[in-house]
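The structure appears right after this line, and notes come after that.
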Amino acid sequence: MARGASMLLHARHQARWIVLAVVVALLAGAGLYLQLRTPVAVGVPANTGAAHPVVEGNRIVDARSGRDFVPRGVNWSSFEYACAQGWGMSALDNLVAREPAPTEARTIAAWGANTVRLPLNQDCWLGTRGAPVSDQYEERTVAGYRSDVHGFVTALNRAGVVVILDLHSRKRIGQPEFGNLAMPDSESIAFWTSVATEYAGNPSVMFDAFNEPYSRYSSSGAELLFGLTWRCWRDGGCPAPVEDDQTATLGQVTYPAQGMAAMVSAIRDAGAEQPILLGGLDYANDISHWLEFAPDDDQLVAAFHSYDFKACGDRDCWDDVIAPIADTVPVLTSELGARHPEKGYVGRYLDWADEHGLGVLFWVWADHPGDPMALVTDERGRPTSYGRLARAWLTGHQPGA
């Protein structure tokens, strides 16, 4: 090839490489711009295997289909106390199965449950008050507790079950035991910031801001030491006793209560948009002024705890108080139980809930010997007599039943 022709060919090759380099640079820059401007998969919901509950007016619907979603299921107990007592993270530690979490999740789903409420311990999640408690055989850590919760949430979702994460209890100061405070405290904000951040991307999770707000009386029951008002329930600021509900108190040492508005804000500020349950006064049995004092948020659910030993325990109260609220916002009976569950109260409430389309979560999926509200007799999920009643009601509401 002649020298001139060779030089011309070489120049053309250089020009092509320059053009190619410019194109690659432009594409790379455009790609970086798009990544910075638009996060990957924005608006694409996670495929969890369970419903995606959202509030629409006074209904909860599954965002995947737009159909009504009525939560029906159980409370699964032990994450709120095992880690504080020092014998494990939860009852899953005692389950004799190759894969405890998936096995338990499938057992619950086989009862017809579409929702499980998981009570959690604030201190075990945050690592405060010396929780989770270790023993001579095992060192228990915050990371381990959170990992176990996450594993069970995932297993339940994969079994088609929605999970409600509930701020339920605290470790007792200086003792390997647990208890329930009257209202959230400042560390509850840290709890919800952390939990909501971790689960903001899971559309099959809901949140229960605080298990059971309550007033506090003296040991004799004669003196009111802390009277919780609806205004403090929402806004906080009132002085609540530092002792939990299983510890005697004179009400002299207090902490400034944090209200439900602060809990909702902590969850929303963490980027979580899922529905939030708010239980009312008197251990969530009084929701009489819920509509008046609920924080401003369109994804709230009124949580009602129904027991035969509480004031709102008959059809008159359900008709006069609960039903009108359910005409405006979703109401979920997030705990249902009785001193003698088979003797009429539970059945009457279930009939009433069905008449009004309310969801119900039975208390409690646990094999507690001597507890009339235990639904199972062992880790294999064999039902008690109360459990058979609950299972029949749950399976009777399955599609095609």
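Just so you know, these numbers come straight off a predicted model, no measurement behind them.
Counting heavy-atom neighbours within 6.0 Å of R231 CZ, excluding the residue itself, gives a total of 12 or less. Around the CG atom of D378, the shell of radius 6.0 Å holds more than 12 heavy atoms that belong to other residues, nucleotides or ligands. Counting non-hydrogen atoms of neighbouring residues, nucleotides and ligands closer than 6.0 angstrom, the CD atom of E139 reaches no more than 12 such neighbours. Heavy-atom neighbours of Q398 CD from other residues, nucleotides or ligands within 6.0 Å: above the threshold of 12. For CZ of R59, the number of neighbouring non-hydrogen atoms (other residues, nucleotides, ligands) closer than 6.0 Å is greater than 12. In E273, the CD atom is not crowded: 12 or fewer heavy atoms of neighbouring residues, nucleotides or ligands sit closer than 6.0 Å.
Remark: the backbone N or O of A338 is not paired with any side-chain donor or acceptor of D308 at under 3.5 angstrom. At least one donor-acceptor pair under 3.5 Å links the side chain of W233 to the backbone N or O of G279. The backbone N or O of V55 lies less than 3.5 Å from a partner atom in the side chain of Q299, making a donor-acceptor pair. Judged by distance alone, with hydrogens and angles left aside, the side-chain atoms of S194 form no donor-acceptor pair with the main-chain N or O of A190 at under 3.5 Å. Checked by atom type and distance alone, the side chain of S78 pairs as donor or acceptor with a backbone atom of A91 at under 3.5 Å. Looking at D68, its side chain never comes within 3.5 Å of a backbone N or O of V61 through a donor-acceptor pair. For D93 (side chain) and M89 (main-chain N/O), a donor-acceptor pair under 3.5 Å exists by modelled atom type. A distance-only check finds a donor-acceptor pair linking the side chain of T395 to the backbone of A392 [under 3.5 Å]. Side-chain atoms of N285 come within 3.5 Å of backbone atoms of H305 as a donor-acceptor pair (strictly under, hydrogens ignored). Judged by distance alone, with hydrogens and angles left aside, the side-chain atoms of T103 form no donor-acceptor pair with the main-chain N or O of A97 at under 3.5 Å.
Expressed to the nearest 0.5 Å, how far NZ of K343 lies from OH of Y386 amounts to 15.0 Å. Atom CG of L95 and atom CD of E104 lie 5.5 Å apart (nearest 0.5 Å). To the nearest 0.5 angstrom, L281 atom CG is 7.0 Å from S288 atom OG. One finds the CZ atom of F293 at 6.0 Å from the CZ atom of R234 (value rounded to the nearest 0.5 Å). Interatomic distance, N121 CG to C83 SG, rounded to the nearest 0.5 Å: 4.0 Å. Between atom CG of residue L92 and atom CZ of residue F79 there is a gap of 5.5 Å, rounded to the nearest 0.5 Å.
The two residues G313 and Y345 have their closest heavy-atom pair at O-CE1, 3.1 Å. Summarising the geometry of I276 relative to A209, their closest heavy-atom pair is CG2-CB, 4.2 Å, with the distance given to 0.1 Å. Of all heavy-atom pairs between P383 and R388, the closest is O-NH1, 3.6 Å.
No side-chain donor from either of N94 and W87 sits under 3.5 Å from a side-chain acceptor of the other. Side chain to side chain, N58 and D327 fail the donor-acceptor criterion of an N or O pair below 3.5 Å. Counted by atom type alone, S186 and Y255 present zero donor-acceptor pairs between their side chains at under 3.5 Å. Donor-acceptor pairing under 3.5 Å is recorded for the side chains of S77 and E80. Side-chain contact check for D354 and H397: at least one donor-acceptor pair (N or O, by modelled atom type) lies under 3.5 Å. With no hydrogens or angles considered, no side-chain donor-acceptor pair links S169 and N180 at under 3.5 Å.
By the 4.5 Å heavy-atom criterion applied to side chains, V329 and L300 are not counted as neighbours. For the pair L358 and L332, the minimum side-chain heavy-atom distance is 4.5 Å or more. For the pair T249/R216, a side-chain contact is recorded, criterion being any heavy-atom separation below 4.5 Å from C-beta on. Counting heavy atoms from C-beta outward, R172 and Q246 have side chains that approach closer than 4.5 Å.
Aromatic ring pairs are classed by plane angle as parallel below 30°, tilted from 30° to 60° and perpendicular above 60°; the pair Y214 and Y283 is parallel. Between W125 and Y199, the ring-plane angle classifies as tilted under the 30° and 60° cut-offs. In this pair, F304 and Y349 present their aromatic rings tilted. The plane angle is within the 30 to 60° band.
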Worked check of side-chain hydrogen bond (donor to acceptor under 3.5 Å, both in side chains) between S385 and E342 = CA-CA 7 Å; S385 55; E342 310 101 286; 2.4 Å; yes
Test side-chain contact (heavy atoms from CB on, under 4.5 Å) on I164 and L277 and set out the steps.
CA-CA 9 Å; I164 299 171; L277 279 65; 4.1 Å; yes
TODO: Begin from the C-alpha positions of R72 and N114 and carry the test side-chain hydrogen bond (donor to acceptor under 3.5 Å, both in side chains) through to its verdict.
DONE: CA-CA 6 Å; R72 297 185 177 102; N114 65 15; over 6 Å; no
**Item:** Stepwise ring pair (Phe, Tyr, Trp, His ring centres under 6.0 Å) check, W230 with W290
**Value:** CA-CA 8 Å; W230 278 101; W290 194 98; 8.4 Å; no
**Q.** Stepwise side-chain hydrogen bond (donor to acceptor under 3.5 Å, both in side chains) check, R158 with T48
**A.** CA-CA 6 Å; R158 288 175 177 171; T48 61; over 6 Å; no
| query | Going through the distances and angles, do E335 and Y307 end up as a side-chain hydrogen bond (donor to acceptor under 3.5 Å, both in side chains)? | reply | CA-CA 8 Å; E335 289 187 17; Y307 291 98; 2.5 Å; yes
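You'll find the ring centres of W192 and F207 inside the 6.0 Å limit.
Using a 4.0 Å cut-off between charged nitrogen and carboxylate oxygen, D62 and R67 do not count as a salt-bridge pair.
Checked against R170 for a salt bridge (Lys or Arg N to Asp or Glu O under 4.0 Å), the options D245, D244, D185 give a single hit: D185.
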